[in-house]
Amino acid sequence: MSTKKIAVLTGAGISTSAGIPDFRGPDGVWTKHPEQMNVYDIDAFMTSKEDREYSWRWQKESPVWGAQPGTAHKALVDLEKAGMLTLLATQNFDALHEKAGNSPDVIVNLHGTIGTSHCMKCHAKYDTAEIMNRLDEEPDPRCHRKLPYKGNMPCNGMIKTDVVYFGEALPDGAMEKSIKRVQEADEFWVIGSTLEVFPAASLAPIAVQAGVPMTIMNMGRTQYDGIATRLIHDDIAVALPELVEQTINV
């Protein structure tokens with residue numbers, strides 16, 4: 001018997017159970033503090049040293065940085081180990097799916113990730129943890145890569161996390177890979193997403209148009225509830241592990 005292929009989209013709801021407040025909900029960070037949306041504004045980041053320093057400091061002190069995966073994240077690792085998870089597209093940039101143990105083969109960070117960073121000048125890659133560790137000494141992080149063609153002088157380009165800021169495009173190929181794997185799946189699960197933010201939300205109608213049954217697990221309603229095969233409005237920290245266990249043991 002062939003193994004069922006399951007494509008998954010996760011949103012803020014899977015991480016709120018791990019202690020990360022959402023951004024757009026009634027009690028969301030940006031709902032209560034709209035001025036903090038500037039933390040992820042690419043124009044402000046590029047043009048103002050003060051805004052860059054604030055952005056880095058805010059991200060280090062945010063619950064996103066220190067959070068640990070919850071039971072729901074770990075359940076998706078079990079689904080991958082069972083050979084069933086073909087896509088884990090996420091709107092979250094908290095890197096909790098990586099921390100939980102899901103592999104880069106299945107994870108697509110639609111909105112980027114806080115786990116890694118890069119130089120905006122020479123594109124050198126950095127582990128964000130290294131930058132956070134020396135943020136007190138270097139509040140406006142700069143690239144220290146030595147450039148042979150400049151007499152081994154440091155690059156000194158601005159460093160930015162790999163989170164997709166407002167005004168930036170999604171990572172290359174992220175939506176294309178997600179769409180392909182959703183269309184090829186036997187089931188599509190939406191976990192903790194309000195399905196309001198595009199283009200990620202477009203995966204829901206794309207799945208249904210391809211004839212892929214869709215499960216939406218979210219505490220609130222979404223605009224695509226009417227085309228879902230199954231709706232689950234229970235606590236994701238409990239409901240997702242149960243759903244994974246049922247699916248593996250069928």
Hey, could you give me the CD1/CG distance between Ile159 and Asn156, rounded to the nearest 0.5 Å?
9.5 Å

Does atom CD of Glu245 have more than 12 heavy-atom neighbours, drawn from other residues, nucleotides or ligands, at distances under 6.0 Å?
no

Does any non-hydrogen side-chain atom of Phe45 lie less than 4.5 Å from one of Trp56?
yes

Is a donor on one side and an acceptor on the other found under 3.5 Å between the side chain of His233 and the backbone of Met217?
no

If you look at every heavy atom in Gly157 and Cys119, which pair is closest and at what distance?
CA-SG, 3.8 Å

Kindly indicate, with the supporting measurements, whether the criterion side chain to side chain contact (heavy atoms under 4.5 Å, CB included) is fulfilled by Leu9 and Phe188.
CA-CA 8 Å; Leu9 170 68; Phe188 177 50; 3.8 Å; yes

Donor-acceptor pair, side chain of His111 and main chain of Gln91, under 3.5 angstrom:
yes

I'd like to know if Met84 and Val244 are part of one continuous hydrophobic network [Ile/Leu/Val/Met/Phe/Trp/Tyr, side-chain heavy atoms within less than 4.5 Å].
yes

Which heavy-atom pair separates Ser178 from Leu87 by the least distance, and what is that distance?
O-CD2, 3.6 Å

Find the distance between CG (Asn102) and CG (Leu79) and round it off to the nearest 0.5 Å.
8.5 Å

Walk me through whether Met153 and Leu147 qualify under side chain to side chain contact (heavy atoms under 4.5 Å, CB included).
CA-CA 6 Å; Met153 292 291 286; Leu147 303 178; 5.9 Å; no

Does Asp172, at its CG atom, have more than 12 non-hydrogen atoms belonging to other residues, nucleotides or ligands within less than 6.0 Å?
no

I need the minimum non-hydrogen distance between Ile248 and Asp78, along with the two atoms involved.
CD1-O, 3.7 Å

Thr113 and Glu98 side chains, donor-acceptor separation under 3.5 Å:
no

Side chains of Glu184 and Thr86: do they bring a donor and an acceptor to under 3.5 Å?
no

Can you name the closest pair of heavy atoms from Lys177 and Val108 and give their distance?
CD-CG2, 3.7 Å

Heavy-atom closest contact (Cys143 atom, Pro154 atom, distance)
O-CB, 4.2 Å

According to side-chain contact (heavy atoms from CB on, under 4.5 Å), who are the partners of Lys146, at least two apart in sequence or on a separate chain?
Asn152

In Å, rounded to the nearest 0.5 Å, how long is the span from CD1 of Ile14 to OG1 of Thr90?
7.5 Å

Among Glu53, Gln59, Arg52, whose side chain to side chain donor-acceptor pair (under 3.5 Å) with Ser55 holds?
Gln59

Approximate separation, where rounding is to 0.5 Å, of Leu76 CG and Lys74 NZ
12.5 Å

Inspect the surroundings of CD in Glu137 and state if more than 12 heavy atoms from other residues, nucleotides or ligands are less than 6.0 Å away.
yes

Hey, does the side chain of Ser193 reach the backbone of Thr10 with a donor-acceptor pair shorter than 3.5 angstrom?
no

Any Lys/Arg nitrogen of Arg57 or Asp140 sitting under 4.0 Å from an Asp/Glu carboxylate oxygen of the other?
no

Which pairs would a plain distance check flag for residues 128-135, meaning a side-chain donor or acceptor within less than 3.5 Å of a matching protein atom at least two apart in sequence or in another chain?
residue : atom : partner : partner atom : Å
Thr128  : OG1  : Ile114  : O            : 2.7
Thr128  : OG1  : Gly115  : O            : 3.2
Thr128  : OG1  : Thr116  : N            : 3.2
Thr128  : OG1  : Thr116  : O            : 3.2
Thr128  : OG1  : Ser117  : OG           : 2.8
Asn133  : ND2  : Ala129  : O            : 3.2
Arg134  : NE   : Glu138  : OE1          : 3.3

Is the ring pair Tyr40/Tyr165 parallel, tilted or perpendicular, if the boundaries are 30 and 60 degrees?
perpendicular

Measuring from Ile232:CD1 to Asn218:CG, what's the distance to the nearest 0.5 Å?
11.0 Å

Path from Val190 to Ile206 over hydrophobic side-chain contacts below 4.5 Å:
yes

For Lys5, does its backbone N or O pair with a side-chain atom of Asp186 as donor and acceptor, under 3.5 Å?
yes

Just jot down the ring-ring contact (aromatic ring centres under 6.0 Å, His included) partners of Tyr224, sequence neighbours excluded, or say none.
none

Would a 4.5 Å heavy-atom cut-off, applied to side chains only, mark Trp189 and Thr247 as touching?
yes

Look only at the side chain of Asp94 and the backbone of Leu96, and say whether a donor-acceptor pair between them is shorter than 3.5 Å.
yes

Checking the side chain of Thr71 only, and the main-chain atoms of Ala237 only, is there a donor and an acceptor separated by less than 3.5 Å?
yes

Sequence neighbours excluded, the answer for side-chain hydrogen bond (donor to acceptor under 3.5 Å, both in side chains) partners of Lys160 is Glu168

Donor-acceptor pair, side chain of Thr16 and main chain of Gly13, under 3.5 angstrom:
yes

Quick check: is Val197 connected to Ile236 through a chain of hydrophobic side chains (ILVMFWY, heavy atoms under 4.5 Å apart)?
no

Residues which pass side-chain contact (heavy atoms from CB on, under 4.5 Å) with Met46, listed by chain and number, not counting sequence neighbours
Ile42, Met120, Met158

Quick check for you: to the nearest 0.5 Å, what is the distance between Leu243 atom CG and Ile6 atom CD1?
7.5 Å

ILVMFWY cluster, Leu88 and Leu110 together (side-chain gap under 4.5 Å):
no

For the hydrophobic clusters of this structure (ILVMFWY residues joined by side-chain heavy atoms under 4.5 Å, transitively), does one cluster hold both Trp58 and Val64?
yes

Nearest heavy atoms of Pro139 and Pro141, plus distance in Å
O-CD, 3.3 Å

Take a 6.0 Å sphere around NZ of Lys99 and say whether it holds more than 12 heavy atoms from other residues, nucleotides or ligands.
yes

Among residues at least two apart in sequence or on other chains, which ones pass salt bridge (Lys or Arg N to Asp or Glu O under 4.0 Å) with Glu187?
Lys4, Arg230

Is the shortest side-chain heavy-atom distance between Leu195 and Ile216 below 4.5 Å?
yes

Just wondering, do Ile179 and Leu203 contact through their side chains at under 4.5 Å, heavy atoms?
yes

